[in-house]
Every structure is written in C-alpha cells, then in structure tokens.
2 protein chains.
Amino acid sequence: MLSMKTQYAFKALMYLAQKDTGEPVLIAEIAEKKTIPIKFLENILLELKKAGILDSKKGKGGGYFFNQRPSDVRLAKVIRLIEGPIALLPCVSLNFYQKCKNCDERHCGLSNVLKEVRDATLQILESKTVADIAMLGVV
Amino acid sequence: MLSMKTQYAFKALMYLAQKDTGEPVLIAEIAEKKTIPIKFLENILLELKKAGILDSKKGKGGGYFFNQRPSDVRLAKVIRLIEGPIALLPCVSLNFYQKCKNCDERHCGLSNVLKEVRDATLQILESKTVADIAMLGVV
DNA sequence: ATACTGCGTTTTCATTGAAAGCATAATTCA
DNA sequence: TGAATTATGCTTTCAATGAAAACGCAGTAT
C-alpha cells in the first residue's frame, strides 16, 4: 500500500494540474482544499521540487507550480521518489536493487514471479502521467 | 515491498513443498535452514495453519506439514493473509476495501489507474501457486 | 520597511515490524 | 505413569518508520 505521503503527493499534483493556470499556488490553499496537514505538505512539495517536477516562488504572489509539463511526469517517477521501490522484493527492484540472502535469484521461483508482477506494474505506471490522472478527475 | 514476515512465510512454504515427503517438519529445522528467527517463524506457521494452508502435530515426530496441496495454494492468498492488501490504495482493494475521503472514486484518475495495476498484479498472483515457485527453486 | 510565503531543522508521538521470554498443552515413547 | 519432545499462547521489548507539530530563518514583492 502507498503511504499517506505518496497519496498526498498525488493529490497535490492533481490539484495543481487541474488548476491549469501557470500561476503559483499557495501551499496553504492546496492543504486546505485537499485536507493535507500543511507542514507535511511543505515537505512533500519540496521533494517534488528537488526532483525537478515542481518549482516554487517565495514572497507575495508566490507558491508552487509545475516545472515540467504534467504530461511528462510519469506516475512511476513520483512513486519511486516519495514511496521508494515499486517491486515487491529488493532483489527484484530495478532502481533499488539489493541482493537477498539465502536465495539464488537465478533459480528462485518467488523472485521470478515477482519480476513478472513488477514488469506488469511498470508497464502501466511508466505509461500514465500526472496529466492522465488529472484529466479523469475533472470529468 | 513485502515485509520480512511475508518473505519468511514464502521461504517456509517453499522449503516444505520442496521436501516433498508428507512427514512433519520441525519449526527448528525450517528456521535453521532458512535462517529465520525461530519464535517469529512459529507465529507465521501458526497463521498459515489457522488459514488452513498448513497443519501441525505436537510431540515427538511432530512438526508442520501441508494441509492443502501446494498446487492449490495461490500466492495471492498467502500475501493477503500475512501482508494484507495487494492493491496500492484502500479504495482500490477487493478484499480490504475502504472508502478514501476527499475523492470521488468514480471520477478519480488515480484510483482508476491503480485498479489497472491491481488487476494486472492479481492476474499473476492468482494463477501462480506455492508449487510453481517451489519447482523453479529446485531446477 | 514590512508583510508575505516558502525553506530548514529539530522534536514529538503513535504505529508497526521484528523479534525474545516464559509458561502451557498435546503427543509419543519407554 | 512419567519424561522427553514439540507446538501453542500470552506478554513484553526494542528499533524503525510514518505522520506530523514547533519554531525560526530566508527570499521576494510592494
């Protein structure tokens, strides 16, 4: 299951994408509209900024806005950034690989199956973007 | 990512399935061969027993053994039992459904995508069994 | 200059994961 | 019957993580 943090990240991104105007949006506004604890949200938005997905402006008229186009932000990227590995085991992860003790991966039936799961999952999460999930939200 | 507990559960099940002989196997033997903390393993095996997957016998010559055939134990069942929901969000889970606040699921782009992920995942985890992953392990 | 707004650092609190300890119940075998 | 063997039940512990709250600093517009 995705953590609260990741869920909040998606809600914030969807909100920004739906507002559509390129104008900066206040953290406080996102927090209120999406009922996210404001200090927690600050953290999340900062991570998204450091990853190059969002950018921000301080002072009056400041706030957060997209640095990349929402249609360029793949869901897999957001999940890896906020949540961590997508795979179900470390020894199956592409981006966070770690060898698992006590199992020879070449012949481990479990990791073979979980690789299939990973690939099926990634095929979806790498093809869908923030723009996709924001559009459906508006319907 | 799957918890240690779930990984241990799979290791134990694979070990039992590979031994093949219907004879009871000591908790201590599984714990040693698979380097699993013994008291933790006791708990796990007990859960598997309560779920009807394994059975046990006390006293000399006792231990754990399969109650169902390994080829009847789907991976999805084990994960749901030990780990919990397979879906990435509660509002997308079949077996552990919970409504999520602040989002109308019918029109939520995120939950729509995560439903696709869930279905792709389940298609694999519902079709593979303990027997499958145990066989590959022996190759 | 000052109000506004994001940034940084630290602390807290509750929950969960991952065990360890110890006593009890069932079974076998001598 | 009794002792050894093995699983079961119940409680406690310990560390890590998730989810925040507190407080103050830094940049920007007017």
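Here is how names work: the chains are called A, B, and so on, in the same order as the sequence lines, proteins then strands, and each is numbered from 1.
At whole-Å resolution of the value, NZ in K11(A) and P in dA19(D) are 13 Å apart. Per the geometry, CD1 belonging to I36(A) stands 13 Å off P belonging to dA21(D), to the nearest Å. Rounded to an integer number of Å, the gap from I44(A) CD1 to dA19(D) P is 9 Å. For the pair M1(B) CE and dG18(D) C1', the computed distance is 17 Å after rounding to whole Å. Atom CG of L41(B) is separated from atom C1' of dG9(D) by 16 Å (rounded to the nearest Å).
Heavy-atom neighbours of E126(A) CD from other residues, nucleotides or ligands within 6.0 Å: above the threshold of 12. Within 6.0 Å of CD in E29(A) there are more than 12 heavy atoms belonging to other residues, nucleotides or ligands.
Linking Ile, Leu, Val, Met, Phe, Trp and Tyr residues whenever their side-chain heavy atoms come within less than 4.5 Å leaves I36(B) and F65(B) in two separate clusters. Residues L46(B) and M4(B) share a single hydrophobic cluster, defined by chaining ILVMFWY side chains whose heavy atoms lie under 4.5 Å apart.
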Go through it in stages, so that I can follow the logic: the residues are K39(B) and E42(B), the test is salt bridge (Lys or Arg N to Asp or Glu O under 4.0 Å), and I'd like the CA-CA distance, side-chain angles, deciding distance and then a yes or no. CA-CA 5 Å; K39(B) 292 300 290 183; E42(B) 284 181 14; 2.9 Å; yes

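Contact check for V113(A) versus D132(B): no side-chain heavy atoms found under the 4.5 Å cut-off.
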What string of B, S and - do you get for nucleotides 5-18 of chain C, 5' to 3', if B is base contact, S is sugar-phosphate-only contact and - is no contact with any protein heavy atom under 4.0 Å? BSBB---------S

